[in-house]
Amino acid sequence: MRAVKILERVLVTIPIVLGVAILVFLFIRLTPGDPVDIMMGQGGAVSEGEMEQLRKEFHLDEPLPVQLWLFLKDAVRGDLGYSYVLKRPVTQLISERLPATIELALGSLVISLLIAFPIGIISAVRQNSAVDRLSMAGAFLGISMPSFWLGIILILLFSVQLKWLPVQGRIGFDAQLQNITGYFVLDSLLSGNRIAFWSSLRHLILPSLTLGAPVAAVVARVLRSSMLETLRSDYVTLARSKGASEWIVVLKHALRNALIPTVTVVGLQVGILLGGNMIVEEVFGWPGLGRMVVSAIFDRDFPLIQGTVMIYAFTFVMANLIVDVMYTYLNPKIEL
Amino acid sequence: MKRFFNTLFRVVLPAALLLAACAPTEPAQPQVVEKTVEVVRTVVVTEERLVEVEKLVTPTAAPGRQTIIVALSQAPTSLDPADHRSRQSETVIRNMFDGLVTRDTSNGVHLEIAEEMNWLDEQTLEVKLRQGVTFHNGVEMTADDVVYTFNRIIQENMIEYPDPHTSPRKGLIAPLMSVDKVDDYTVRMNFNGPWPPAMQLMVHQQIVPMGYLEEVGTQGFIENPIGTGPFKFVSAQPGLEEVVLERFDGYYGGAPDLAPVQPACVQGAIFRVIPEASTRVAALLAGEVDIIQAVPAELIDTLSQTPGIQVKTAIGTNPKWMEMNVNKPPFDDVRVRQAMNYAVDKDLIIEEIYGGRAVALPGPLSPYNNYVNKSLQPYAYDPDKALELLAEAGWTDSNGDGLLDKDGQTFSFTLDTLEEFRSLAEAVADMFRAIGIDASVRFWEYSVVREQLLAGERLAYLDDWGDSAFDPVGHFEAKWHGFQTGTPYGRGNFSTYNNPRVNELIVLGETTNDPTERQKIYDEAQQLVYDEAPAVFLILPEEAEAASTRVQNWEPAADGRINLHDVCLGP
């Protein structure tokens, strides 16, 4: 039953993603700026013939509805066209860079949960203590600190001063990693390359911390407030009065019930981790989707923008689906 | 986005770098210097020129990494010499591929794969190729490869992947009509008329192997490119975020004029993309990279005082102007435009914003251009003269509010620019305010403002225009010729300046080969533009690059193309 429901939900994403694609298609064409003009840049002589030929090649000489039809016709067959600037299939470009972005998002998620859970739980259990106030002040800082600033400060502290962690990139040049899946941490485990494993893990820490800090702050605050609520509820009092140990009460009874709002927030944050990574990718020279789409926007590389935004929309919808599925495990009363 | 970061980090980073600079450093170690003595003997044997080079090298094993790592600010777009339009691509490509000619770190052009080049007449260039030059796969380079290389660029739809398209580099050698093979080591290039900047622009075309390309196709070629350059391709990360090269031991040595003529000194080279300027600097400080490009002006002083780091500058190729719309009041009056030139204190800007690493523009061309009018001096900073000219044009402070006015209207305008020129634009606007002009600054995205500029809808625009060929054609054609749709003329003319005599001189200069005659043509054109002042001729900043002190024999190039052939890594 659940599998059928999940399949239904997956199928529903198709019109959503297509809708997003059409909106993006129209919006980027309404933005001023001619891709062919930008592509030619400043240098060299360009004849009108060459420009016309390029416009023809990109179908930019066709009326908008025709362009949209051509785009949709190819898109439903999985062909997202060629990047104007990079001259390669968009699907190929995305699949090359998606692993980097997902790896970073997962790294940030792990780091942010590792930070948020202890802080959220302890702050709730020791409400109004010094630990609580300090952690909540830290969380406030985490939310308000701009990530480009945090990133640079972390680089200067841990890479330039202490020399503990690398400044940028995904892996050291001497790691000699065989590319299998594109996920470097996974690939190094699969190929048993210990040097590559440590190298990719070390490269992952600072960007993940930078990207994960605001997420950790949000999750910690939500977890704390929902924990405070569950800790005051009758079933917790009952559990205590039955003589259950404090840890059992907190982790089994209070935390589990406090998880539902927390998971909702985490689900929303996953979308942000995937889509909001442009700045972190820029600061850490992380070769992911975010940087590619930013340059694509400046270049008005229409197919590349469309394709990437479609992927973002798809992952966002998927993240929410996963959250919904998790609800049913956390509280069997909830149905999909 | 990059521009946004650059500005923001101007505040945070200098302070943080100062902290880093204060860190304890290792005591200086005695350096072992590799000395190379070259003995060149030339023996002429039946018209062939044999060059024997004896090298005496004191072998010293330099400890540590012998692969040089260069941080690029942007990813190359392709490793195919015929299929890109970016400097970053060319920086990587030139280390794998050689051209007929190359450029030194300044503006000199030298023979590279070509052994001799002679103009048979005004439009035919005969090129004799060096013999014994091999591609990385061991195949010898011949006239067939040269003919194929240029045909692939100038003929339509020669690049078949991903869809058949014409090389985007065709426009750089537009006057080249055809290339014929004379014999295995001689080709003839036929142009559609005299083309004086031919040599400077030929620098930007590199020779590809015909046999290999025909065998593997463009797709196979960009996955594993092969050239005749000092380094051969090893691997690349997706999106060319990292390109790994190793020394090509069979390298013929490169341009004979540019010593040392031998295979590369380092074992390998890696190009890594680090888009954010402050991260590039941090990576250099942490020893993760050896050379970084595009060092922000405000960090040059801090970096050059940091132990273990050397900063060098090359002459710039991006002059900066503030163009004024000559068809809209108040800038339709030449006296007003001249006054604007007198109102800007370029020396102060050079000192305060560029730390002294820039020069004032003497007029419409860079002072390093091969045909600069030497009699022109930069407009002096003379606010009194500016006010005098403005008064002549009718602009005075008649109501005593501190702002100039004319017929009841205050002299007020918006200076449009891009985020990357923020500090310069604000300084310039401030100098206008100092003489009573109400100037404010507004920031745009280039692709948005460009169309409005060409349509003459904006009043004043501050920007730069890059041209590394040191020939007047580039800047004159784009900036000072009247805009003509569908031609290269005036494609960057944002002042709507259109003087028939200047246009005529520009076209004449493009087809006149005689240097003396050309100089006369361009002298007149420069004088006209200087006097009519469609722009405030601002400054030309130097290009700064930084490297660790391990990097020896390194000189940043004016055209921004890093040549790693000569560079060594010390202890």
Side-chain angles (χ1 to χ4, degrees), chain A residues 31-35 37-51 53-54 57 82 85-89 93 96-97 100 146 148-149 151-153 155-156 159-161 163 166-170 173-174 179 182 278-279 281-285 287 291-292 294-295 297-300, chain B residues 1-2 5 8-9 12-13 16-17 19-20 23 67 69 74-75 77-78 83 85 156 161-163 165-166 168-172 174 237-239 241-242 244 270 272-276 278-279 282-283 285-288 445-448 450-451 465-467 474 477-478 485-488 491-492:
Chain A
T31 322
D34 173 5
D37 199 36
I38 298 167
M39 194 183 304
M40 285 305 162
Q42 295 184 341
V46 183
S47 72
E48 188 70 352
E50 281 173 69
M51 309 263 285
Q53 198 198 338
L54 279 174
E57 193 181 311
Y82 291 107
V85 178
L86 302 172
K87 306 262 167 50
R88 292 177 54 214
L93 289 166
E96 276 175 4
R97 288 192 172 240
F148 61 85
W149 189 81
I152 289 290
I153 294 300
I155 288 175
L156 287 171
S159 310
V160 178
Q161 279 296 310
K163 297 199 191 296
V167 175
Q168 54 77 43
R170 279 184 82 191
F173 75 94
D174 46 2
N179 198 335
M278 287 96 171
I279 292 171
E281 288 187 1
E282 181 93 6
V283 170
F284 288 95
R291 267 178 53 206
M292 186 169 75
V294 170
S295 16
I297 290 169
F298 279 116
D299 293 337
R300 300 288 188 271
Chain B
M1 176 150 291
K2 210 169 296 149
F5 289 132
L8 279 165
F9 291 135
V12 183
L13 204 69
L17 281 175
L19 270 175
T67 296
I69 305 181
Q74 278 174 42
T77 52
S78 172
D83 204 11
R85 264 317 258 272
E156 305 272 302
Y161 178 80
D163 280 331
H165 62 278
T166 307
R169 299 187 81 67
K170 181 180 159 112
L172 293 173
Q237 289 292 333
E241 292 278 345
E242 184 179 281
V244 181
I270 294 175
R272 277 199 153 186
V273 180
I274 310 182
E276 177 43 51
S278 23
T279 312
L285 289 175
E288 279 181 31
E445 192 195 324
Y446 180 66
S447 47
V448 178
R450 182 181 146 86
E451 288 169 16
W465 194 269
D467 184 51
E477 186 181 80
T485 327
T487 72
R491 66 188 185 280

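Just so we're clear, the structure is a prediction, and the values are computed from it rather than from any experiment.
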*Asks:* Name the region of A/Lys163, side chain, backbone, both or neither, that has any atom closer than 4.5 Å to a heavy atom of chain B.
*Replies:*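 Contact with chain B involves the side chain of A/Lys163 alone.
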*Asks:* Checking B/Glu241 against A/Arg97 for the side chain to side chain contact (heavy atoms under 4.5 Å, CB included) test, could you report, in this order, the C-alpha distance in whole Å, the side-chain angles of both residues, the deciding distance, and whether it holds?
*Replies:* CA-CA 10 Å; B/Glu241 292 278 345; A/Arg97 288 192 172 240; 2.6 Å; yes
*Asks:* Roughly how far, to the nearest 0.5 Å, is CG of B/Leu285 from CD of A/Gln161?
*Replies:*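 If we round to the nearest 0.5 Å, A/Gln161:CD and B/Leu285:CG are 9.5 Å apart.
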*Asks:* Could I get the full list of side chain to side chain donor-acceptor pair (under 3.5 Å) partners for A/Arg300, not counting sequence neighbours?
*Replies:*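 With neighbours one apart ignored, the set is B/Glu445, B/Ser447.
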*Asks:* What closest approach, in Å, do A/Glu96 and B/Gly239 show between heavy atoms, and which atom pair accounts for it?
*Replies:*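 Heavy atoms only, the tightest pair is OE1-N, 3.6 Å.
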*Asks:* What pairs with A/Asp34 under side chain to side chain donor-acceptor pair (under 3.5 Å), at least two apart in sequence or on another chain?
*Replies:*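 Residues passing side chain to side chain donor-acceptor pair (under 3.5 Å) with A/Asp34: A/Arg55.
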*Asks:* Given side chains that start at C-beta, do those of A/Arg291 and B/Pro275 come closer than 4.5 Å, heavy atoms only?
*Replies:*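 Counting from C-beta outward, A/Arg291 and B/Pro275 do come under 4.5 Å.
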*Asks:* At a 4.5 Å cut-off on heavy atoms, which part of A/Pro146 comes close to chain B: side chain, backbone, both, or neither?
*Replies:*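 For A/Pro146, neither part sits under 4.5 Å from chain B.
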*Asks:* Looking only at non-hydrogen atoms, find the nearest pair between A/Ile152 and B/Ser278 and report the distance.
*Replies:*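 Minimum heavy-atom separation between A/Ile152 and B/Ser278: CD1-OG, 3.5 Å.
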*Asks:* Restricting to non-hydrogen atoms, name the atom on B/Ala282 and the atom on A/Val167 that form the minimum distance, rounded to 0.1 Å.
*Replies:*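 Nearest heavy atoms, B/Ala282 then A/Val167: O-CG2, 3.8 Å.
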*Asks:* Need one label for A/Ile155: side chain, backbone, both or neither, based on atoms under 4.5 Å from any heavy atom in chain B.
*Replies:*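 Only the side chain of A/Ile155 comes within 4.5 Å of chain B.
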*Asks:* Is any side-chain heavy atom of A/Gln168 closer than 4.5 Å to a side-chain heavy atom of B/Arg272?
*Replies:*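 Yes, at least one pair of side-chain atoms sits under 4.5 Å.
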*Asks:* Look up atom OG1 in B/Thr279 and atom CD in A/Glu282, then write down how far apart they are to the nearest 0.5 Å.
*Replies:*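 Here the interatomic distance stands at 8.5 Å.
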*Asks:* Search all heavy atoms of B/Ala286 against all heavy atoms of A/Ser159 and return the closest pair with its distance.
*Replies:*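 Reported closest heavy-atom pair: CB-O, 4.0 Å.
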*Asks:* Under 4.5 Å, counting heavy-atom pairs only, tell me which of B/Ala75, B/Ser78, B/Pro162 racks up the most with chain A.
*Replies:*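 Highest number of pairs under 4.5 Å: B/Pro162.
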